[in-house]
Amino acid sequence: MNLLTDKPPDFIWVGGQKLKIKTEFSLWVKFLIAAKNNNTEALTEILLLNFPELPAGICANDLIAPLSDWLWQCEKHTSGTKEAGAGSAFDFEEDGNVIYCELWEHYPNLMQRGISFPEGMELVKLLIANDKTALHHRAFARVGDFSKMDREQKKYWQKERAKYALKMSQNSIDDVFSRGF
């Protein structure tokens with residue numbers, strides 16, 4: 001799928017059935033945040049938004065893997081890596097307000113008509129690439145290379161890195177410790 005020329009699929013396959021899904025950007029950002037925090041209540045809520053009535057023989061747990069696969073396909077084609085949405089350059093939870101404001105500032109017509117998750121990811125990627133945006137500033141502070149900068153610039157960006165460092169959730173900390181054993 002090429003997101004520049006192809007419309008992203010608005011369905012998933014579950015138990016041999018083709019199920020239509022909603023592709024709205026805000027819904028999938030909520031899904032990413034809920035999945036990151038292992039918030040089963042929020043995941044269930046998102047599933048109910050997508051599927052008010054589940055087809056016979058399909059339970060909510062059957063939907064998680066196909067929905068995650070759909071989301072991964074969208075992220076892969078817009079960012080090139082599976083971790084892009086939850087990577088160290090930006091975080092939808094911590095940077096959500098900045099992302100939302102900048103999407104409205106730079107792409108008001110698109111935001112007014114509504115954007116799909118793949119479109120939203122492509123726009124976020126453009127915001128990060130634009131050195132005049134706050135999202136670019138945060139992303140550079142987190143992952144930029146300061147090694148070739150003069151002393152004053154390096155000092156400034158090190159302060160910015162500390163200021164915009166992503167906070168690790170308890171689940172992330174637990175994952176790091178569990179990998180060690």
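Heavy-atom basis, side chains included; hydrogens, waters and symmetry copies ignored. Positions are given from 1, in the same order as the sequence printed here.
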Begin with the C-alpha distance, continue with both residues' side-chain angles, and end with the deciding distance and a verdict on side-chain contact (heavy atoms from CB on, under 4.5 Å) for Val98 and Phe90. CA-CA 10 Å; Val98 172; Phe90 74 96; over 6 Å; no
Of all residues at least two apart in sequence or in a different chain, which pass the side chain to side chain donor-acceptor pair (under 3.5 Å) check with [X]?
| X | value |
| --- | --- |
| Lys20 | Asp10 |
| Glu102 | none |
| Asn109 | none |
| Trp104 | Tyr100 |

Could you tell me whether the side chain of Asn130 and the main chain of Lys132 form a donor-acceptor pair under 3.5 Å?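 Between the backbone of Lys132 and the side chain of Asn130 there is a qualifying donor-acceptor contact (under 3.5 Å).
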Might you work through the side-chain contact (heavy atoms from CB on, under 4.5 Å) test for Leu166 and Glu94, ending with a clear yes or no? CA-CA 7 Å; Leu166 294 174; Glu94 291 188 35; 3.6 Å; yes
When you compare the side chain of Leu127 with that of His136, does any pair of heavy atoms fall below 4.5 Å? no
Leu47 side chain near Leu67 side chain, heavy-atom distance below 4.5 Å: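 Sidechains of Leu67 and Leu47: in contact.
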Apply the test side-chain contact (heavy atoms from CB on, under 4.5 Å) to residues Leu19 and Phe11: give CA-CA distance (whole Å), side-chain angles for both, the deciding distance (0.1 Å), then the verdict. CA-CA 5 Å; Leu19 301 179; Phe11 64 89; over 6 Å; no
From [atom1] ([X]) to [atom2] ([Y]), nearest 0.5 Å:
| X | Y | atom1 | atom2 | result |
| --- | --- | --- | --- | --- |
| Lys163 | Trp157 | NZ | CH2 | 10.0 Å |
| Glu41 | Ile46 | CD | CD1 | 11.0 Å |
| Leu32 | Leu27 | CG | CG | 10.0 Å |
| Lys125 | Leu135 | NZ | CG | 14.0 Å |
| Leu49 | Glu24 | CG | CD | 8.5 Å |
| Ile115 | Glu122 | CD1 | CD | 11.0 Å |

What do you reckon, is CD of Gln158 surrounded by more than 12 foreign heavy atoms closer than 6.0 Å? yes
Counting only heavy atoms not in Asp131 (residues, nucleotides, ligands), do more than 12 fall under 6.0 Å from its CG?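 Buried by this count: over 12 neighbours within 6.0 Å.
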For a ring-ring contact (aromatic ring centres under 6.0 Å, His included) check, start with the C-alpha distance between Trp70 and Trp13, then their side-chain angles and the critical distance, and finish with the verdict. CA-CA 10 Å; Trp70 178 86; Trp13 288 95; over 10 Å; no
For [X] and [Y], which heavy atoms make the closest approach, and how far apart are they?
| X | Y | value |
| --- | --- | --- |
| Arg142 | Asp95 | NH1-OD2, 2.6 Å |
| Asp62 | Gly57 | OD2-O, 4.0 Å |
| Ile128 | Ala139 | CG2-CB, 4.1 Å |
| Ser116 | Glu119 | N-OE1, 2.7 Å |

Name the orientation class of the two ring planes belonging to Phe25 and Phe92 (parallel below 30°, tilted from 30 to 60°, perpendicular beyond 60°).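 Perpendicular: the ring planes of Phe25 and Phe92 meet at over 60°.
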May I ask you to decide whether Lys167 forms a salt bridge with Asp91, counting only side-chain N to carboxylate O separations under 4.0 Å? no
Taking distance alone, no hydrogens or angles, what donor-acceptor pairs closer than 3.5 Å link side-chain atoms of residues 143-156 to residues at least two apart or in another chain?
unit_1: Asp145; atom_1: OD1; unit_2: Ser147; atom_2: N; d: 3.0
unit_1: Asp145; atom_1: OD1; unit_2: Ser147; atom_2: OG; d: 2.7
unit_1: Asp145; atom_1: OD2; unit_2: Ser147; atom_2: OG; d: 3.3
unit_1: Asp150; atom_1: OD1; unit_2: Glu152; atom_2: N; d: 3.1
unit_1: Asp150; atom_1: OD1; unit_2: Gln153; atom_2: N; d: 2.9

Co-members of Tyr164 in a cluster of I, L, V, M, F, W and Y side chains, linked at under 4.5 Å: none
Evaluate side-chain contact (heavy atoms from CB on, under 4.5 Å) for Val29 paired with Ile33, printing each intermediate quantity in order. CA-CA 6 Å; Val29 170; Ile33 291 169; 4.0 Å; yes
